[in-house]
*Asks:* 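Would you mind keeping the following structure in view while I ask a few things?
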Amino acid sequence: MSIKVSLCMIVKNEENVLDRCLASIAHLVDEVIIVDTGSTDDTKEIASKYTSKIFDFKWVNDFAAARNYAAEQATGDWILVLDADEYIDEESYKEFIAGLKEDNGLYDKYGVRILNFTGLYGESLIQNFHDRVYKNNGKLSYYRAIHEQLHAADGSPVNSHIAKLLIFHSGYLNKTVKEKGKSERNKELIDIEMKETKNAFDYFNLGNEYFSLGEYGEALKAFMTAYSLKTNPNFAWVASTVIQIIACLLQLKRYNDALNVINDSIQLYPGSYEMVALKGEVCFLRGQFDDAKIHFNQILDNPNEYNHTILRADLKELLPNRRLGEIYFYEKNYEKAIYHYVSVLNINKLDSDSIRKVVYILAKFHNEEEIIDFIKTNDLINKNNIHYYMNACFNVGKPNIINPFILEDEKTLKEIASLKDFCVNGNGTIEDFEDLLKVSVIERLNQKQLINIVDLYLLRDRFKGNNKVDNLIQGLETNEQFHAVIQLLDGQINNSTINDEVFLGTLQILLSYKNYNLAITLLKSVDLLGQESFAKAAATLYGNDFKGEALQLYNKCDWDFYTEQDYLNIINGLLETGNIVNALEFSKYAMLLFENDFRFYKIILEHGDKQLLDSTVTKAMEIFKDSDYLNEHKA
């Protein structure tokens, strides 16, 4: 049975993603129809590499109208609909076509699985199903200006089925959403749609747009309205609404309300790992790390039991591993932390936070050769993430780690690594990187966080008298931050004010580089910092294992400027020196200030006397519902 498939797309200013999309699918379909709604970039030129069937359509604030116009140009038996920021999984497409032939026209349209990458770099995954393949018989068309749906124009029933087809979507990455103003545009179209009809699905979509805009209170109202208006609890979007209600409550820090919804929903959606993961997330956000471990491990240890996805595919493995990595990192159980961070990277190699943590932990305990061997053995670096690893290695003052992973033809990357190595360690010669010694180049490297102002200070000192370096330094004299670093490290501070931000950044860099002589010079000016920055300087010292020095600074600081982490640093420092009495006093005071942070309660429960323990358990049970850890202590 021969089947002809027409790909139909509507596009506007998609030069950054269109080639990726068409390269994934054009060779698999019989024709490509591109409808452009007003591009001013190279979208049409890119499309012309794949098809000559490119049509113009005046945008009328109606996605359905544009979709239907594209369908009118198609000659295939079936229409496949894609957006430019999507791309096809080729194996699943071939499997789908085989299934389409077996179905022999039994169904009129097919829903497909769409995996949406969201967040800064795709660290979160949201799954949804949407009708994207339908018969080109003139009976089906789209309606709704946004979140368009397929229906039969004559009102006749439409036979539907879920296809074995996977589509990846990157259009919800934070940067893309912001640059294209998607949330504002979508909300405007939904508002227009809702003037004519206000059904449950409209409120669900409105909630999603409010959520994207960060207006979580309004999003919650919309989702609650959508849920109350549902006509069929089995619709896929209804379960998604429950997940979104919980997500809103978490953003609003209404943790016990979130737990109530989760507990009510667990029985409704058996096998859903999302409910268990969100319960773990509540615990994590409130510092209930022992409880969080239980919930996250419950999912990871029972993959066959928890195998149902409602909306958030990242909650099955990605989030549990990331959170367990953070918990064990906080607890300084670095062996378990790195295991979970690597597990994250096995799922998403572009997770920059996990990359930084892995490199940090490795650098803390291993030499460069051992670190390189670990990265190779675990196959962590590829051409797409090498810049993340370069940044991570540079940040811990070990630029040589990246060298074995730079390809021979990547001359610029080699030069950058050589420049960094010279600045940090004094290795090499100027010939290794002299092409980079231009103000415009250095400024770009600084923007990409590959070279920082401390590096430039070190470069200046190592190459005094070299014309190229002297010219570079002279060209950077107008850079206020660089000038501030020179003043701080050359001991030229002769007034009562300094640049606090530069001071703190410089301190962290010097400690990472283990350049303790310059760090000592810098700290001679610490008393000139404002009170808030003073506390941050103490936290920086504590985080770099200079706990005694950190506690001395904390003693000089106004308590009003302490954060939760400052109190934890002080308390843990006191405990390590055996000063339990003062540690408990600090904990009781911090517990009053940060009532929803369980870490302070736990310190009291582990170190207080019976009377203090009993009163703390009683108070904690009122705030932290459904805690296995507390139930054990209560018993």
Side-chain angles (χ1 to χ4, degrees), residues 330 332 356 360 363-364 392 394-399 420 422-426 446 449 451-462 464 473 476-477 479-577 579 582-583 586:
Y330 170 80
K332 300 191 185 314
R356 284 194 299 270
Y360 173 86
K364 193 175 183 67
F394 285 7
N395 287 342
V396 296
K398 292 185 178 292
K420 191 78 175 188
F422 185 86
C423 293
V424 177
N425 302 311
N446 181 239
Q449 298 180 330
I451 295 294
N452 58 58
I453 50 180
V454 176
D455 295 328
L456 298 176
Y457 176 88
L458 296 171
L459 177 67
R460 183 203 70 162
D461 272 16
R462 295 190 192 283
K464 283 183 177 177
I473 299 303
L476 294 168
E477 284 182 349
N479 185 306
E480 292 182 7
Q481 291 188 332
F482 183 46
H483 183 68
V485 168
I486 291 174
Q487 284 188 310
L488 286 167
L489 298 182
D490 282 354
Q492 297 175 359
I493 300 296
N494 52 17
N495 55 44
S496 59
T497 60
I498 59 175
N499 187 317
D500 289 17
E501 183 182 353
V502 170
F503 182 100
L504 294 169
T506 301
L507 179 61
Q508 178 58 64
I509 291 167
L510 291 173
L511 294 176
S512 296
Y513 289 178
K514 295 182 171 52
N515 194 325
Y516 301 131
N517 289 332
L518 281 178
I520 291 170
T521 299
L522 178 67
L523 287 168
K524 291 177 181 178
S525 305
V526 71
D527 290 331
L528 297 177
L529 291 173
Q531 281 291 307
E532 185 176 358
S533 297
F534 206 89
K536 289 179 180 179
T540 300
L541 287 169
Y542 192 94
N544 286 275
D545 295 326
F546 290 92
K547 297 177 182 178
E549 293 82 354
L551 291 176
Q552 289 178 27
L553 284 190
Y554 276 130
N555 283 333
K556 298 180 180 181
C557 186
D558 188 330
W559 287 26
D560 289 341
F561 293 95
Y562 288 166
T563 65
E564 288 168 281
Q565 189 57 55
D566 291 325
Y567 278 101
L568 287 164
N569 290 345
I570 294 167
I571 293 164
N572 288 322
L574 291 170
L575 289 173
E576 288 181 18
T577 59
N579 193 341
N582 281 338
F586 264 96

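If you read the sequence from its start, that first residue is 1, and numbering goes on from there.
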*Asks:* Applying side-chain hydrogen bond (donor to acceptor under 3.5 Å, both in side chains) to N569 and Q565, what does each step give before you reach the verdict?
*Replies:* CA-CA 6 Å; N569 290 345; Q565 189 57 55; 2.9 Å; yes

*Asks:* Begin with the C-alpha distance, continue with both residues' side-chain angles, and end with the deciding distance and a verdict on side-chain contact (heavy atoms from CB on, under 4.5 Å) for Y330 and L568.
*Replies:* CA-CA 11 Å; Y330 170 80; L568 287 164; 3.7 Å; yes

*Asks:* If the condition is ring pair (Phe, Tyr, Trp, His ring centres under 6.0 Å), which residues does F586 pass it with, not counting sequence neighbours?
*Replies:*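 With neighbours one apart ignored, the set is W559.
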
*Asks:* Could you list the residues that satisfy side chain to side chain donor-acceptor pair (under 3.5 Å) with D455, not counting sequence neighbours?
*Replies:* K420, N452, Y513

*Asks:* For K332, enumerate each residue passing the side chain to side chain donor-acceptor pair (under 3.5 Å) test, keeping only those at least two apart in sequence or located in another chain.
*Replies:* none

*Asks:* Under 3.5 Å, is there a donor-acceptor pair between the side chain of Y554 and the main chain of Y562?
*Replies:*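 It does not hold such a pair.
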
*Asks:* Could you grab the distance from atom CG of N499 to atom CG of L488, nearest 0.5 Å is fine?
*Replies:* 8.0 Å

*Asks:* Which pair of heavy atoms, one from L575 and one from A583, lies closest together, and at what distance?
*Replies:* CD2-CB, 3.6 Å

*Asks:* I need the minimum non-hydrogen distance between A550 and L541, along with the two atoms involved.
*Replies:*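 Heavy atoms only, the tightest pair is CB-CB, 4.0 Å.
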
*Asks:* How far does CD of E549 sit from OG1 of T540, to the nearest 0.5 angstrom?
*Replies:* 13.0 Å

*Asks:* Rounded to the nearest 0.5 Å, what's the gap from CG on L456 to CG on N479? Could you check?
*Replies:* 8.0 Å

*Asks:* How far apart are the closest heavy atoms of V502 and Q481, and which atoms are they?
*Replies:*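 Closest heavy-atom pair between V502 and Q481: CG2-CG, 3.9 Å.
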
*Asks:* Side chains of Y542 and L553, heavy atoms from C-beta outward: is any pair under 4.5 Å?
*Replies:* no

*Asks:* Among all residues two or more places apart in sequence or in another chain, which pass the side chain to side chain donor-acceptor pair (under 3.5 Å) test with Q508?
*Replies:*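 For Q508, the residues satisfying side chain to side chain donor-acceptor pair (under 3.5 Å) (neighbours in sequence not counted) are S512, N544.
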
*Asks:* If we ignore hydrogens and angles and just use 3.5 Å, is the side chain of R460 paired with the main-chain N or O of I473 as donor and acceptor?
*Replies:* no

*Asks:* Contact between I498 and D500 at the side-chain level, heavy atoms closer than 4.5 Å - yes or no?
*Replies:* yes

*Asks:* List the atom of L507, the atom of A537, and the distance in Å for their closest heavy-atom pair.
*Replies:*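 Looking at all heavy atoms of both residues, the closest pair is CD2-O, 4.0 Å.
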
*Asks:* Spell out, as yes or no, whether a donor-acceptor pair under 3.5 Å connects the side chain of T563 to the backbone of D566.
*Replies:* yes

*Asks:* Answer with yes or no whether the side chains of N395 and Y360 bring together a donor and an acceptor at under 3.5 Å.
*Replies:*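 Result is no, nothing qualifies.
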
*Asks:* For C423 and L459, work out which heavy atoms get closest and say how close.
*Replies:*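 For C423 and L459, the tightest heavy-atom pair comes out as SG-CB, 3.9 Å.
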
*Asks:* Holding to ring pair (Phe, Tyr, Trp, His ring centres under 6.0 Å), I want the full list of residues that pass it with F561, two or more places apart in sequence or in another chain.
*Replies:*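 Not a single residue meets the ring pair (Phe, Tyr, Trp, His ring centres under 6.0 Å) criterion with F561.
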
*Asks:* If you define the side chain from C-beta out and look only at heavy atoms, does anything of L489 sit under 4.5 Å from L510?
*Replies:* yes

*Asks:* Please list every donor-acceptor pair under 3.5 Å in which a side-chain atom of residues 517-532 meets a protein atom from a residue at least two apart or in another chain.
*Replies:*
residue	atom	partner	partner atom	Å
T521	OG1	N517	O	3.2
Q531	OE1	D558	N	2.6

*Asks:* Look up atom CG in L511 and atom CG in D545, then write down how far apart they are to the nearest 0.5 Å.
*Replies:*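 The distance works out to 10.0 Å.
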
